[in-house]
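Here the structure comes first, spelled out in structure tokens, and everything after it is commentary.
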Amino acid sequence: FSKLEDVGKPFTRCGLTNRYLQYIPGPPVRLYNKYTETVYPLPGGGIIKQWTGRKCSVPDCNFELCLYSCGQPPRTFPLCPNCFNSSDWALSSQSDDIQDPVDKEDENKERQLRRVAGRNLVLECPLPDHHPLVEEMTVSPDPDSEGVMIVDPHLGPKWRLVSTRAPTIVHLPKSIEKLTVLKRKDDVLGCHLMSIQFKADESPLENGEAKYTSCFPTDEVLQGMVRVFHGSDRLKASGRGGRGRGGRGRGGRGRGRGRGGGRYR
């Protein structure tokens with residue numbers, strides 16, 4: 001049998017040692033630090049890619065980030081290998097009910113054992129909505145689930161919003177040339193505002209201005225231009241023929257059918 005340090009490829013840097021973690025496709029998929037012999041299980045059921053050297057903004061973490069895509073059509077989310085395996089950022093709601101630090105750590109260890117054993121299917125954002133990486137991209141609550149809508153971390157040129165907890169994608173108009181998520185938030189909803197710049201001569205604004213600030217949940221102009229797509233939680237099956245229908249996600253709608261020109265509320 002091959003040793004862990006002899007398999008895989010350098011993928012992202014560890015925030016503790018600044019050494020490259022080895023990507024082991026598995027199953028189960030995981031990252032491995034051959035200097036500390038630490039294993040970082042990763043979510044299963046999707047596709048994991050590098051994210052151009054960006055690092056986690058959680059204090060004292062500093063791990064290089066990945067991108068995690070799941071569903072059909074794919075929704076992409078930020079993924080920190082360290083936070084994904086931390087009890088402080090556990091996705092399971094059961095951890096929220098555990099108050100004792102020792103019990104919480106025991107629960108986290110059991111979760112990691114299940115992940116190493118390959119029982120780690122994740123078909124939603126792998127980080128909780130209050131994680132800084134998710135929060136800084138949140139521009140709207142998701143009316144179809146208990147999640148939020150974030151700007152797709154791939155950014156342009158095809159701008160879109162994705163739900164963290166349902167297979168919902170909001171395609172923004174192609175006339176948008178640049179979109180920036182601002183630090184400023186809406187006072188009522190608590191979501192970030194967006195600075196939007198339209199292409200020359202394609203602005204829908206009455207005064208013809210190309211740039212404006214948008215609060216998406218209340219922006220009737222922008223909502224009247226979006227196309228909403230309710231897809232499936234699962235990735236497209238491979239190796240088998242036939243036509244399938246999208247599954248019903250948590251709070252989502254099945255059949256993978258989009259609608260255009262309607263308000264997203």
Side-chain angles (χ1 to χ4, degrees), residues 47 49 51-52 54 65 67-78 124-125 129 133-145 147-233 235-236 246 249 251-265:
I47 298 173
K49 296 181 179 180
W51 196 11
T52 62
R54 283 194 55 172
L65 302 174
L67 291 175
Y68 181 69
S69 300
C70 63
Q72 183 58 34
R75 290 153 27 245
T76 302
F77 308 103
E124 57 187 336
C125 180
D129 294 345
L133 293 175
V134 179
E135 194 278 331
E136 66 188 19
M137 293 190 291
T138 298
V139 296
S140 173
D142 179 10
D144 284 347
S145 73
V148 296
M149 304 298 298
I150 66 172
V151 176
D152 188 313
H154 283 127
L155 303 179
K158 296 182 179 180
W159 301 97
R160 56 186 210 159
L161 310 180
V162 295
S163 170
T164 55
R165 306 299 157 209
T168 303
I169 299 174
V170 178
H171 296 271
L172 299 178
K174 296 180 180 180
S175 56
I176 294 179
E177 183 173 39
K178 183 178 180 181
L179 186 154
T180 304
V181 180
L182 304 176
K183 291 184 178 180
R184 186 156 56 101
K185 297 182 179 181
D186 178 78
D187 294 334
V188 177
L189 298 174
C191 54
H192 289 270
L193 304 182
M194 296 184 292
S195 174
I196 293 178
Q197 182 173 333
F198 291 98
K199 298 176 182 178
D201 301 324
E202 294 187 34
S203 172
L205 305 177
E206 292 183 0
N207 53 13
E209 292 186 2
K211 188 175 181 179
Y212 84 116
T213 299
S214 168
C215 175
F216 182 74
T218 59
D219 189 338
E220 295 186 358
V221 173
L222 189 58
Q223 288 202 20
M225 302 172 66
V226 302
R227 180 168 57 90
V228 183
F229 191 96
H230 299 280
S232 168
D233 277 333
L235 287 172
K236 184 182 294 184
R253 302 178 186 178
R255 293 186 178 270
R257 187 172 298 175
R259 68 174 187 265
R263 289 188 174 86
Y264 183 63
R265 299 187 196 181

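What you see below is based on every heavy atom in this structure, not just the backbone, and it leaves out hydrogens, waters and symmetry mates.
The main-chain N or O of E124 is never found under 3.5 Å from a side-chain atom of R165 such that the two would form a donor-acceptor pair. Here the side chain of R75 pairs a donor or acceptor atom with the backbone of S163 at under 3.5 angstrom. Of the possible donor and acceptor atoms, one in the side chain of Q223 sits under 3.5 Å from a partner among the backbone N and O of P217.
Using a 4.5 Å heavy-atom cutoff, the side chains of T76 and V162 are not in contact. You'll find the side chain of I150 stays beyond 4.5 Å of the side chain of C125, heavy atoms only. Side-chain contact check for I47 versus Y68: every heavy-atom pair is 4.5 Å or farther apart. Residues S195 and L179 have side chains not in contact (no heavy-atom distance under 4.5 Å, counting atoms from C-beta outward).
Between atom OG of residue S69 and atom CZ of residue F77 there is a gap of 8.5 Å, rounded to the nearest 0.5 Å. One distance of note links CD1 of I196 with CD1 of I176; it measures 4.5 Å at 0.5 Å rounding. Taken from CD in Q197 to NZ in K178, the straight-line distance is 6.5 Å, to the nearest 0.5 Å. Distance CG/L205 to CZ/F198: 5.5 Å, rounded to 0.5 Å.
Contact record, M149 with P141: CG-O, 3.7 Å, taken as the closest heavy-atom pair. What you find for W51 and P153 is that their closest heavy atoms are CZ2-CB, 3.6 Å. Contact record, F216 with L222: CD1-CD2, 3.7 Å, taken as the closest heavy-atom pair.
Every side-chain hydrogen bond (donor to acceptor under 3.5 Å, both in side chains) that E136 has, sequence neighbours left out, goes to R54. By the side-chain hydrogen bond (donor to acceptor under 3.5 Å, both in side chains) test, T164 pairs with D129, sequence neighbours left out.
Within the structure, every pair that satisfies the side-chain hydrogen bond (donor to acceptor under 3.5 Å, both in side chains) test and touches residues 179-194, not counting sequence neighbours, is listed here: E135-K185, E135-H192. Residue pairs meeting the salt bridge (Lys or Arg N to Asp or Glu O under 4.0 Å) criterion with at least one partner in residues 149-164, sequence neighbours excluded, are D152-R160. For residues 200-213, every residue pair satisfying the side-chain hydrogen bond (donor to acceptor under 3.5 Å, both in side chains) rule, not counting sequence neighbours, is listed here: N207-E209, Y212-D219.
Residues E177 and K199 are not paired through a salt bridge, judged by the lack of any N-O separation under 4.0 Å between the basic side chain and the carboxylate.
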